[in-house]
Amino acid sequence: MTTETTAPTGTGSPGARSGPTNIVKVVFASLIGTAVEWYDFFLYGSAAALVFGTLFFPESDPANATLLAFGTYALGFVARPLGGVVFGHFGDRVGRKKMLVFSLFLMGLSTVAIGLLPTYASIGIAAPLLLLACRLLQGFAVGGEWGGAVLMAAEHGEDSQRGFWSSWPQAGVALGNLLATGVLWVLAAVQSDDAFNAWGWRIPFLLSAVLVMVGLWVRLSVEESPVFAETKSELEASKQSHMPIIEVFRKYPREVLVAMGMRMAENISYYLWTIISISFLTLYAGTADDKPLILKALLIGSVVHFVTIPVVGALSDRVGRRPLYLAGAVGVAAWSWVFFDLVASRSEPKIILAIVVGLALHALMYSPQAAFFSELFGTSVRYTGASVGYQLASIFAGALAPIIAIELLGDASDGVSNVPKVAVYMTIASVITIVSVLFAKETRASSLRHDRVLDRA
């Protein structure tokens with residue numbers, strides 16, 4: 001497989017004006033940085049399900065405390081579109097690389113701060129307010145991360161292999177969840193509940209500092225996207241004003257809506273499988289003693305997810321993005337009717353099966369999504385367009401998914417009686433995604449050298 005980009009040949013492969021760039025190095029930088037950022041982001045979600053309710057909202061009953069913790073979790077998603085707009089604007093004006101470095105630094109800073117926060121028992125209402133502030137910074141940072149990481153991989157690689165190469169930043173998300181779940185699982189296995197609640201939960205957040213330093217070192221070593229550098233030169237030569245956020249809604253409104261719709265089933269299913277499953281087993285279908293069991297299943301599922309994503313990405317270069325995306329949307333809708341019954345069984349093999357199959361179906365959408373979204377928008381607004389479509393949808397999808405699911409499940413004393421309501425919710429999201437994919441054009445192997453702002457076809 002080719003690992004270097006070459007000069008333009010007229011076939012649509014990106015030209016490297018700054019010289020040949022090793023695509024493996026670029027992809028590794030995107031992968032490791034994305035893994036670190038999403039380790040931080042997912043760590044919060046897992047901690048919200050496990051301990052934040054009792055530590056920061058102790059005056060509420062367990063179900064409501066968890067709901068309040070998920071409320072602060074959801075607000076991180078609200079900040080993501082703002083991060084996507086700000087980072088996208090500057091990423092489309094000054095470069096992808098600079099924004100990726102800054103987003104990683106900001107994410108690390110906010111995550112370490114969470115690990116140092118006093119709890120409600122120490123400072124009262126100020127504790128959840130500080131937690132919320134840190135979560136908003138996390139959301140802002142991760143809002144700018146995804147678009148830049150995906151574009152660096154997509155714009156350095158060849159058109160015919162874009163699905164494979166740009167799927168690796170997506171695999172970084174799975175790797176980040178794997179790291180977060182793995183650390184929590186180890187701590188849960190070696191610590192008592194009292195020790196974990198008292199101080200053990202802080203360790204994964206503080207470890208972020210080490211991971212961020214590694215990620216920054218790798219990201220600082222890569223070159224800017226050659227496709228962006230070429231477009232920036234054209235914009236400067238034309239002397240036209242350039243406001244990416246305005247231009248993306250003026251020139252690509254349909255693409256933004258399509259991207260948002262495509263995100264619904266993908267984003268909601270992921271948080272049902274990885275976040276709600278923890279609360280469901282420990283609050284509704286079992287006890288707190290089942291925490292190591294669900295974390296172990298999520299750990300195995302994350303490994304399978306990480307391996308599956310690049311395989312599906314390579315497959316999308318052969319069969320197209322749309323067929324795989326449609327199969328994933330249909331699959332997660334069907335699996336939602338089975339998933340919670342398997343988890344409620346409290347059988348280790350069945351819980352592992354539930355999560356592994358769920359995440360494999362999710363990968364059918366998530367893997368080709370990176371290339372798909374990149375191919376929808378022109379270069380001069382690609383960072384903004386991809387980020388806005390991706391992050392705006394997350395407010396209505398991933399941000400609300402834990403809250404809606406907990407509300408649908410009802411009081412913990414209701415047990416598993418309301419599980420079909422959650423399956424209906426997932427099915428509706430899948431229908432929205434299926435319709436959106438049907439409105440999207442197949443983009444496999446298309447050139448990234450198109451731009452309506454610059455009147456390039």
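Nothing fancy with the numbering, it's 1 onward along the sequence. Keep in mind that the numbers below use all heavy atoms, side chains included, and drop hydrogens, waters and symmetry copies.
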Legend entry - Residues that Y325 engages under ring-ring contact (aromatic ring centres under 6.0 Å, His included), provided they are two or more places apart: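 ring-ring contact (aromatic ring centres under 6.0 Å, His included) list for Y325, sorted by chain: empty.
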Inset, instruction - Name all residues meeting the ring-ring contact (aromatic ring centres under 6.0 Å, His included) criterion together with F372; count only those two or more places apart in sequence or in a different chain, and write none if there are none. - result: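 In terms of ring-ring contact (aromatic ring centres under 6.0 Å, His included), with neighbours along the sequence ignored, F372 is linked to no residue.
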Looking at residues at least two apart in the chain, or sitting in another chain, which of them share a side-chain contact (heavy atoms from CB on, under 4.5 Å) with [X]?
{"X": "P204", "result": "Y39, L43, V183, L184, L187"}
{"X": "A333", "result": "T427, S430"}
{"X": "V258", "result": "R254, M262, F439, A440"}

Inset, instruction - Enumerate the residue pairs fulfilling salt bridge (charged side-chain N to carboxylate O under 4.0 Å, His left out) with a member in residues 258-268, sequence neighbours excluded, ordered by first and then second residue. - result: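 Checked against salt bridge (charged side-chain N to carboxylate O under 4.0 Å, His left out) - neighbours excluded - the pairs reaching residues 258-268 are R263-E266.
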Inset, instruction - Just grab all the salt bridge (charged side-chain N to carboxylate O under 4.0 Å, His left out) pairs involving residues 99-116, residues at least two apart or on different chains. - result: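 Residue pairs with at least one partner in residues 99-116: there are none.
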Legend entry - salt bridge (charged side-chain N to carboxylate O under 4.0 Å, His left out) partners for R382, two or more places apart: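 Salt bridge (charged side-chain N to carboxylate O under 4.0 Å, His left out) check on R382 returns E155.
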Inset, instruction - Only counting residues at least two apart or in another chain, list the ones meeting salt bridge (charged side-chain N to carboxylate O under 4.0 Å, His left out) with R135. - result: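 Result, salt bridge (charged side-chain N to carboxylate O under 4.0 Å, His left out) vs R135: none returned.
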Legend entry - Aromatic plane relationship, F56 with W201 - under 30° parallel, 30 to 60° tilted, over 60° perpendicular: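 Ring orientation, 0 to 90° scale: perpendicular.
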Inset, instruction - Scan for side chain to side chain donor-acceptor pair (under 3.5 Å) pairs involving residues 23-33, sequence neighbours excluded, and state none if there are none. - result: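 Applying side chain to side chain donor-acceptor pair (under 3.5 Å) to every pair that reaches into residues 23-33, excluding sequence neighbours, yields nothing.
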Inset, instruction - Could you name each residue pair satisfying side chain to side chain donor-acceptor pair (under 3.5 Å) that touches residues 294-321, not counting sequence neighbours? - result: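 Residue pairs with at least one partner in residues 294-321: K296-E348, H305-H362, S316-R321, D317-R321, R321-E375.
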Inset, instruction - Dump the intermediate steps for side-chain contact (heavy atoms from CB on, under 4.5 Å) on L324 and M365, then the final yes or no. - result: CA-CA 7 Å; L324 296 176; M365 295 179 285; over 6 Å; no
Legend entry - Y44 and F205: CA distance, side-chain angles, deciding distance, ring pair (Phe, Tyr, Trp, His ring centres under 6.0 Å) verdict: CA-CA 9 Å; Y44 189 103; F205 290 93; 7.1 Å; no
Inset, instruction - Kindly state each residue pair satisfying ring-ring contact (aromatic ring centres under 6.0 Å, His included) with at least one member in residues 381-403, sequence neighbours excluded. - result: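 For residues 381-403: W146-Y390.
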Inset, instruction - Under the side-chain contact (heavy atoms from CB on, under 4.5 Å) rule, what do L295 and L299 come out as? Steps first, then yes or no, please. - result: CA-CA 6 Å; L295 289 175; L299 194 64; over 6 Å; no
Inset, instruction - Taking the side chain as every heavy atom from C-beta outward, state whether F249 and V388 have any pair of such atoms under 4.5 Å apart. - result: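 They are in side-chain contact.
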Legend entry - Close side-chain approach of V381 to K251, heavy-atom, < 4.5 Å: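 A side-chain contact under 4.5 Å is absent here.
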Legend entry - Q138 side, atom CD; I114 side, atom CD1 - distance, nearest 0.5 Å: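 That separation rounds to 4.0 Å.
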